[in-house]
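Below, chains carry the letters A, B, ... as their sequence lines are ordered, and counting in each starts from 1.
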4 protein chains.
Amino acid sequence: MTKKTAVGLVGVTGYTGMELARLLAGHPFLDLVRATSRQDAGKTLAEIYPFLNGSSLGRLDITRPETRDLASACELVFLAVPHKTAMVLADELLDAGLRVVDLSADFRLTDPKVYQAWYGVEHTCPQRIPEAVYGLPELYREQVKAARLVANPGCYPTSAILGLYPALAEGLVHTEDIVVDSKSGTTGAGRKAVLATAFCEVQDSFRAYALGRHRHTPEIEQECSKIAGREVVLSFNTHLLPINRGILSTIYTRLKVRADSEDIRAAYERRYANEPWVRVLPQGALPETRWVRGTMYCDIGLAADPRTQRLVIVTAIDNLCRGASGQALANANDMLGLPEDAGLGMAPLMP
Amino acid sequence: MTKKTAVGLVGVTGYTGMELARLLAGHPFLDLVRATSRQDAGKTLAEIYPFLNGSSLGRLDITRPETRDLASACELVFLAVPHKTAMVLADELLDAGLRVVDLSADFRLTDPKVYQAWYGVEHTCPQRIPEAVYGLPELYREQVKAARLVANPGCYPTSAILGLYPALAEGLVHTEDIVVDSKSGTTGAGRKAVLATAFCEVQDSFRAYALGRHRHTPEIEQECSKIAGREVVLSFNTHLLPINRGILSTIYTRLKVRADSEDIRAAYERRYANEPWVRVLPQGALPETRWVRGTMYCDIGLAADPRTQRLVIVTAIDNLCRGASGQALANANDMLGLPEDAGLGMAPLMP
Amino acid sequence: MTKKTAVGLVGVTGYTGMELARLLAGHPFLDLVRATSRQDAGKTLAEIYPFLNGSSLGRLDITRPETRDLASACELVFLAVPHKTAMVLADELLDAGLRVVDLSADFRLTDPKVYQAWYGVEHTCPQRIPEAVYGLPELYREQVKAARLVANPGCYPTSAILGLYPALAEGLVHTEDIVVDSKSGTTGAGRKAVLATAFCEVQDSFRAYALGRHRHTPEIEQECSKIAGREVVLSFNTHLLPINRGILSTIYTRLKVRADSEDIRAAYERRYANEPWVRVLPQGALPETRWVRGTMYCDIGLAADPRTQRLVIVTAIDNLCRGASGQALANANDMLGLPEDAGLGMAPLMP
Amino acid sequence: MTKKTAVGLVGVTGYTGMELARLLAGHPFLDLVRATSRQDAGKTLAEIYPFLNGSSLGRLDITRPETRDLASACELVFLAVPHKTAMVLADELLDAGLRVVDLSADFRLTDPKVYQAWYGVEHTCPQRIPEAVYGLPELYREQVKAARLVANPGCYPTSAILGLYPALAEGLVHTEDIVVDSKSGTTGAGRKAVLATAFCEVQDSFRAYALGRHRHTPEIEQECSKIAGREVVLSFNTHLLPINRGILSTIYTRLKVRADSEDIRAAYERRYANEPWVRVLPQGALPETRWVRGTMYCDIGLAADPRTQRLVIVTAIDNLCRGASGQALANANDMLGLPEDAGLGMAPLMP
């Protein structure tokens with residue numbers, strides 16, 4: 001048996017940290033040797049996550065995050081900590097020679113002024129931005145393989161960009177009339193003691209939030225602009241679903257081509273022909289979040305409407321797996337020369 | 001104590017029938033004397049709805065729908081049967097001198113050709129269409145009071161039209177760039193033994209359906225066109241929520257006025273100033289389906305976005321109460337000269 | 001129109017306070033004139049409960065709890081505050097001449113030593129215990145009518161005691177072999193920012209808690225002992241359901257009579273013959289929490305098992321309405337000489 | 001790469017068939033070459049299960065169940081068909097030389113008269129009963145390895161027997177006073193178009209069913225009697241949870257030893273010391289269904305109550321994986337000489 005590569009996870013107590021632990025528990029080539037948390041240091045992983053009882057991972061001691069300790073033990077570190085904290089840690093770990101996959105927003109935006117405008121804090125590590133690669137495999141796989149720092153995409157942006165990519169790249173839709181209506185499961189709000197996401201405040205209800213003001217907006221616009229080759233400003237709007245996992249985005253575009261054109265589906269199938277994790281659904285089929293639960297799949301449904309000359313694109317991903325930890329793991333696999341899908345090749349849990 | 005007015009309910013076994021039974025159980029002026037169902041005739045209401053045990057309504061015998069019997073016993077009849085069946089019954093009951101509130105789609109569209117195009121069947125009772133009043137109290141209250149036949153609005157149209165009314169009536173938004181993204185609780189799919197709405201096929205999941213093709217589209221367009229004074233063609237799209245009750249519609253419009261204009265909120269507050277069931281939420285607040293559960297309220301939130309010069313309107317209603325049976329009851333109250341809110345004055349059930 | 005009686009509510013921000021607000025919003029004879037909360041004083045009720053927007057109750061200002069102010073404004077006060085706090089307030093309010101319905105546990109147990117043993121704190125107001133009436137209408141209605149202080153029963157005890165009452169009163173079952181297996185909706189855990197009851201920690205899951213150690217145990221035993229005329233020690237065990245409202249208790253007893261005896265059902269029907277809120281379900285039917293949602297009903301199903309000579313009693317109540325605020329309101333009605341069901345006569349919200 | 005063993009699945013359209021498909025999609029040594037369904041023959045697996053799109057399994061054509069065809073193509077067949085149908089097929093497939101794992105109840109009961117009494121039909125294949133091995137690995141692993149026919153345990157019995165095994169085997173509890181109170185997720189009711197398990201009939205509600213009359217009763221009693229060495233008659237009672245997967249059983253026993261005895265936990269830890277899939281939780285911890293979601297784990301919590309001298313045992317399993325298809329796969333692995341956990345070594349999906 002080949003020796004496994006040692007990796008670390010900074011910030012194990014949130015849902016993205018929990019999901020990385022789940023995925024790493026069964027990874028054939030990676031060995032989680034450090035899991036850190038300021039609040040839970042001293043406990044074992046199984047003490048905070050009883051579902052890991054009985055696995056070797058469950059016996060891992062949680063430590064406090066120390067750069068020197070991480071550097072001595074790991075080759076690569078996942079950062080599952082809040083933005084602003086992440087950039088400081090990433091800088092230190094890169095200086096210490098490690099590779100870093102940052103799940104926060106700190107290195108996703110190429111313009112630190114845009115970062116400051118939307119996140120309300122100054123970017124204190126702008127010199128690292130140029131070397132960060134935006135870790136969406138379908139768009140940047142080759143750059144990821146050579147990267148030392150990967151900015152792991154946000155959950156909503158993953159669902160929006162993958163949905164818009166073929167339409168924008170092939171110039172099928174107008175760039176100035178795009179609306180993204182996204183709905184996310186409640187894990188997207190993080191693992192916190194907050195009344196607004198208490199069970200009885202969410203169950204059997206549905207609500208919108210942050211309309212037009214969500215921080216993922218500039219990330220979607222940045223990547224869509226790159227794809228389209230011109231500046232894209234769009235309307236991005238979010239809702240909270242009473243489900244655990246999943247994002248479904250309904251994306252409204254105005255067609256340049258005829259609605260019954262065969263170009264539309266052909267473009268999607270061609271652009272994703274070799275992408276194992278993007279499934280363009282058959283004509284008439286529309287995605288459901290349960291069909292991608294726990295996996296890296298992004299399902300895409302297409303509905304062209306001749307009455308309004310619109311193309312409605314629907315995408316579904318698992319916000320924790322494809323939208324965060326699974327994608328982070330795929331990026332780590334690519335950075336380390338492993339098969340991209342190592343530890344990720346599972347069928348969805350249905351129902 | 002005044003004598004109550006006798007009413008009948010044709011089609012008691014669906015969710016709209018069930019909801020009418022719930023509301024009529026506590027109505028101060030109406031007495032449900034007939035409840036019909038072909039499949040459950042011979043049972044009492046409590047046998048099929050154990051939650052009515054202990055109420056006098058629970059002891060009512062379910063009968064088969066017979067026009068003569070209904071005519072002899074009732075002054076007004078609610079039709080909670082499928083479209084196509086409803087038009088036949090309505091015609092007979094009107095001939096027999098009764099008043100009718102039809103919860104189906106049969107008399108909502110003024111043009112029978114549009115009906116045929118979207119419902120796929122011929123309208124066999126077009127001569128009754130002109131006398132039917134579209135029963136949305138905020139728009140047609142006075143006509144309802146004089147009506148013998150009320151076409152009760154669809155659930156989605158109620159949420160869309162109430163959201164768009166002030167914006168269109170005051171010319172605040174362009175009429176050719178409207179997208180309605182609606183999400184409905186599963187009672188909207190009816191009370192049927194169908195795998196697609198089985199618990200384990202809906203729970204912890206979310207999906208889109210009938211994009212651009214939902215039958216409520218022409219109803220929304222017809223009423224919006226009347227309000228705007230010009231033909232409105234819009235994109236209407238629907239999703240299924242893993243909740244029992246509630247519709248939340250996120251409506252995307254493009255502003256003619258400036259996004260920070262005070263005209264927007266003022267128009268909404270003015271248009272609904274005397275409407276007890278429409279609540280224009282304070283600046284910054286957005287609706288949640290739980291806040292209207294079990295009631296006639298339509299909550300409206302407004303988010304103007306200067307970046308995209310759009311107005312996003314969010315509405316929430318209870319699809320069974322406001323979107324069907326409660327509204328039918330309000331219409332019946334109006335038709336019978338009773339207080340419009342008789343039997344309807346309750347606070348939402350929270351949580 | 002008769003003048004309404006002024007009442008106050010101390011502790012409006014929890015789920016029981018929210019439920020009392022819902023019920024009082026439609027009460028024909030009571031007027032909520034004070035609603036207090038230390039944390040939300042200065043806001044209106046509608047600001048913290050948007051579902052009350054548009055009602056006169058929504059405009060009520062939340063105040064800080066001041067005995068003098070309450071005494072000057074109210075005739076009766078509901079205490080929806082934590083145990084230990086409640087006993088202090090109750091004492092002051094009674095001294096000031098008010099009537100008090102205490103929703104906490106402070107005056108439910110007749111023996112202060114038992115209180116101290118289970119609640120871990122000393123009872124500082126034992127002199128008030130003798131005058132407190134345990135507010136279960138079916139058992140103590142007449143005493144409630146004369147009471148100045150009512151100890152409102154706990155949610156679990158209501159479901160257990162009503163289920164066991166006929167069996168114990170008629171000596172149908174052995175008193176030393178009773179197991180109560182209760183399952184509660186998550187509102188029972190209170191309205192708090194706590195990770196253990198966050199949506200994603202409860203949704204699509206189920207768990208047991210506090211087996212054999214729940215604080216409602218002595219309350220159940222005290223009342224069952226009174227009914228049976230001998231000391232009853234039983235096993236009481238609780239579980240958390242991923243639903244908002246409802247308690248279903250499955251109660252295991254060993255029969256003294258034959259399992260097929262007609263005495264069993266007859267005893268239940270006789271004991272509850274004149275009780276409008278207790279529904280002994282027909283043979284073969286078993287309760288469901290949705291059939292009592294939002295109401296005062298306690299549904300009871302009986303299953304006698306000849307193989308094991310056991311009687312399994314199943315009860316369902318709404319933990320917030322029957323198990324707390326609705327029952328408190330019924331007690332207030334009785335104390336004030338109003339019809340017991342004033343403001344409470346509604347059909348369940350189904351589904 | 002070694003050649004995989006060809007297996008077949010008769011009855012792919014139910015939840016147990018779906019779960020077997022999920023598990024076999026990632027199995028390293030087994031190749032699903034036949035999946036049958038009378039109603040869906042002619043479609044591909046991905047057509048009925050869109051979550052299998054993109055996997056090779058998704059392209060498998062569904063066929064009609066033909067013994068000759070199955071015999072020519074497979075070495076082992078899983079039967080996921082209703083009882084009564086299963087016994088006929090099993091007999092034919094065994095005659096044709098195949099190994100069979102039967103997920104139905106047809107070969108679980110050793111006495112055909114007991115089968116007839118509880119299932120209401122005659123057993124037409126009693127001669128096969130003696131060779132069938134009850135496939136609970138912790139009790140019968142060695143016999144399974146040599147078996148040609150395995151009777152896969154029921155979901156409820158798995159949760160009850162594993163919970164009671166150490167207590168009964170070590171004589172810690174009385175055998176005549178056992179109550180099993182089980183709660184199951186709705187997948188346990190099967191994948192059918194039935195109103196009783198429609199979303200809006202289950203969501204936000206909870207109910208009991210089949211108290212004292214569930215068909216799994218004799219299966220639990222048979223195995224408990226074998227373990228205890230004397231006839232065990234117990235009270236078994238079931239409830240329906242508004243969750244997809246999971247069974248939690250709360251088992252009430254009366255202790256022979258002292259409640260604070262160290263023997264209790266020691267017995268459980270000793271009996272399951274080498275069992276990777278049974279996790280005896282630390283003192284004070286109680287199982288939750290989410291901690292075992294999608295896995296073979298059976299979590300066990302123990303609560304001894306000195307007040308009542310009872311031992312309350314709580315077990316949690318995934319009813320589809322441990323309670324049906326995963327256990328069937330473990331049995332197939334054992335029968336084929338493969339590692340028992342092949343294809344089953346995953347961490348739970350949390351949340």
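Between the side chains of D:K183 and D:T250, at least one donor N or O sits under 3.5 Å from an acceptor N or O. Side-chain atoms of B:D204 and D:N244 include no donor-acceptor pair closer than 3.5 Å. Between B:T187 and B:N319, the side chains place a donor N or O and an acceptor N or O closer than 3.5 Å (distance only, hydrogens not considered).
Each of D:A196, D:P242, D:A189, D:A193 has some count of heavy-atom pairs under 4.5 Å with chain B, and the biggest count is that of D:A193. Most heavy-atom pairs under 4.5 Å with chain D, from the set B:K192, B:E201, B:R245: that is B:E201.
Between D:Y156 and D:Y209, the angle of the ring planes lies from 30° to 60°, which puts this pair in the tilted group.
Both the backbone and the side chain of D:T186 come within contact range of chain B, each with at least one heavy atom under 4.5 Å from a heavy atom of that chain. Contact of D:R191 with chain B is made through backbone and side chain together, with heavy-atom distances under 4.5 Å.
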